Number of protein chains: 2
Amino acid sequence: MKSSQQRLDDIIAKLRLNKFRITPQRLAILKVFLNSTEHPSVERVYKQVRADFPTTSLATVYKTVHLLKEIGEILEIGFADGRNRYDGLKPYPHPHLICMKCKAIIDPKLSNLDHLTSEVEQASGYQILSHQLEFFGICPACQKK
Amino acid sequence: MKSSQQRLDDIIAKLRLNKFRITPQRLAILKVFLNSTEHPSVERVYKQVRADFPTTSLATVYKTVHLLKEIGEILEIGFADGRNRYDGLKPYPHPHLICMKCKAIIDPKLSNLDHLTSEVEQASGYQILSHQLEFFGICPACQKK
DNA sequence: TCTTTACTAAGAACAATTATCCTTGAACTG
DNA sequence: CAGTTCAAGGATAATTGTTCTTAGTAAAGA
Ligand SMILES: [Mn+2]
Ligand SMILES: [Mn+2]
Ligand SMILES: [Zn+2]
Ligand SMILES: [Zn+2]
């Protein structure tokens, strides 16, 4: 498991390589992603960054999220109701488990799904590029209420 | 396999039972869903209904979609970009295969996923109520271009 | 018939995201 | 270290899919 610091350095190197500027705002946003296990929303990231950089605009967060998505360093978990969430720790397709009450999102342990993908690919003739799997339910904490 | 007509009658009975009125608009919208294998969008349904009822408003379609979702007779396939699609033929969770170019959506044949659900339920302590699984790729027709 | 309630059409409101436009500052040059 | 340049940031308007509100209509019930 790569350290958070190492990961940060790698992404910075990748940004430099692609001629993207390393700005304080980008660094701040990036750090939020690399230190969040809770799959934060844009709004969440914005609030956190504002704590250190009070002038940061929401548009900048959106732009940076877009950039990080583009270079494959964060994963977008898209929801129909427009409350997208992001995973900066595992930026590749993997299942998610969502509490319908408190909106907590965790990564469930689950056996690999590659066989499913190839099963579908074989049967359909589609060339499959990615997938998204979400389970919706009630978390243990919310069940108690 | 229940006939489309039988299904329509059943849903009408269910609506009546729950004191919802059977209006021409609702019937028209319902029929579009029961005769579409292509997972239509709200906009698509709207256009189709307008052909027979030119004064129908988009809001009515949204409301009817909401109602049919509520009573469990259509399945919403939610997308983050706000282009939701619906399945009136199989109104229960099942995988979908989406072409990223032409946006075609089909139901891939795929072995049952219940074991996955219980695997996650066991390991996490969450009570799982539903799930959503999508594969994104390029359909055979679009691959040729 | 009179009353009550559900429903529809139209358009306003809403909320997340994107575009615009001007200003700023990161990175490169010498 | 300047000086230069153009990508990036800040502020805010526009967009877009969806939901809400309102006022009018039609059906059901007394
Ligand atoms: Mn995750
Ligand atoms: Mn389907
Ligand atoms: Zn919860
Ligand atoms: Zn296609």
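This one's a predicted model, so the numbers in the text were calculated from it and none came from an experiment. FYI, side chains are in, hydrogens and waters are out, and symmetry mates aren't considered; it's all heavy atoms of this structure. First the proteins, then the strands, lettered A, B, ... as listed; each starts at 1.
Atom NZ of B:K90 is surrounded by more than 12 heavy atoms from other residues, nucleotides or ligands within 6.0 Å. Heavy atoms of other residues, nucleotides or ligands lying less than 6.0 angstrom from NZ of B:K109 number 12 at most.
In the hydrophobic clustering of this structure, B:F135 does not group with B:I98; members are Ile, Leu, Val, Met, Phe, Trp, Tyr whose side-chain heavy atoms approach within less than 4.5 Å, directly or through other members. Cluster annotation: B:L110 is connected to A:Y126 through the hydrophobic network of ILVMFWY side chains, with a link wherever side-chain heavy atoms come within less than 4.5 Å. Side-chain heavy atoms closer than 4.5 Å link hydrophobic residues (I, L, V, M, F, W, Y) into clusters, and following such links, even through other members, never connects B:L68 to B:L89. Cluster annotation: A:Y62 and A:F79 are assigned to distinct hydrophobic clusters (Ile/Leu/Val/Met/Phe/Trp/Tyr, side-chain heavy-atom contacts under 4.5 Å, transitive).
Taking atom CG of residue A:L58 and atom P of nucleotide C:dT20, one finds them 18 Å apart after rounding to whole Å.
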Nucleotide N/O of nucleotides 27-29 of chain C paired with protein N/O under 3.5 Å:
unit_1: C:dA27; atom_1: OP1; unit_2: A:I22; atom_2: N; d: 3.1

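Using a 4.5 Å cut-off on side-chain heavy atoms (C-beta onward), A:T37 and A:D87 make no contact. Considering only heavy atoms from C-beta on, B:Y86 stays 4.5 Å or farther from B:H39 through its side chain. Residues A:D107 and A:H96 are in side-chain contact: their nearest non-hydrogen atoms beyond the backbone lie under 4.5 Å apart. Residues A:Q132 and B:L133 are not in side-chain contact: their nearest non-hydrogen atoms beyond the backbone lie 4.5 Å or more apart.
Put simply, the side chain of A:R50 gets close to the backbone of A:T56: a donor and an acceptor are under 3.5 Å apart. For A:E43 (side chain) and A:R83 (main-chain N/O), no donor-acceptor pair under 3.5 Å exists by modelled atom type.
Heavy-atom contacts of chain A under 4.0 Å fall on DNA chain D between two terminal nucleotides, which in 5' to 3' order are D:dC6 to D:dT12.
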Do any side-chain atoms of residues 16-33 of chain B form donor-acceptor pairs under 3.5 angstrom with protein atoms, and if so which ones, sequence neighbours left out?
unit_1: B:T23; atom_1: OG1; unit_2: B:R26; atom_2: N; d: 3.2
unit_1: B:R26; atom_1: NH1; unit_2: B:R21; atom_2: O; d: 2.9

Protein-to-nucleotide contact annotation, 5' to 3' order, nucleotides 10-16 of chain C [B base; S sugar-phosphate only; - none; under 4.0 Å, heavy atom]: BB----S
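Looking at B:E73 and B:R7, a side-chain N of the basic residue comes within less than 4.0 Å of a carboxylate O on the acidic one, giving a salt bridge.
Annotation: the terminal axes of the helix from C:dT1-D:dA30 to C:dG30-D:dC1 meet at 30°, where each axis is the rotation carrying the C1' atoms of four end pairs onto the next four (5 pairs per end, rounded to 10°).
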Evaluation steps, side chain to side chain contact (heavy atoms under 4.5 Å, CB included), between B:V45 and B:T64: CA-CA 11 Å; B:V45 174; B:T64 304; over 6 Å; no
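Contacts of residues 24-42 of chain A with DNA chain C (heavy atom under 4.0 Å): A:P24.
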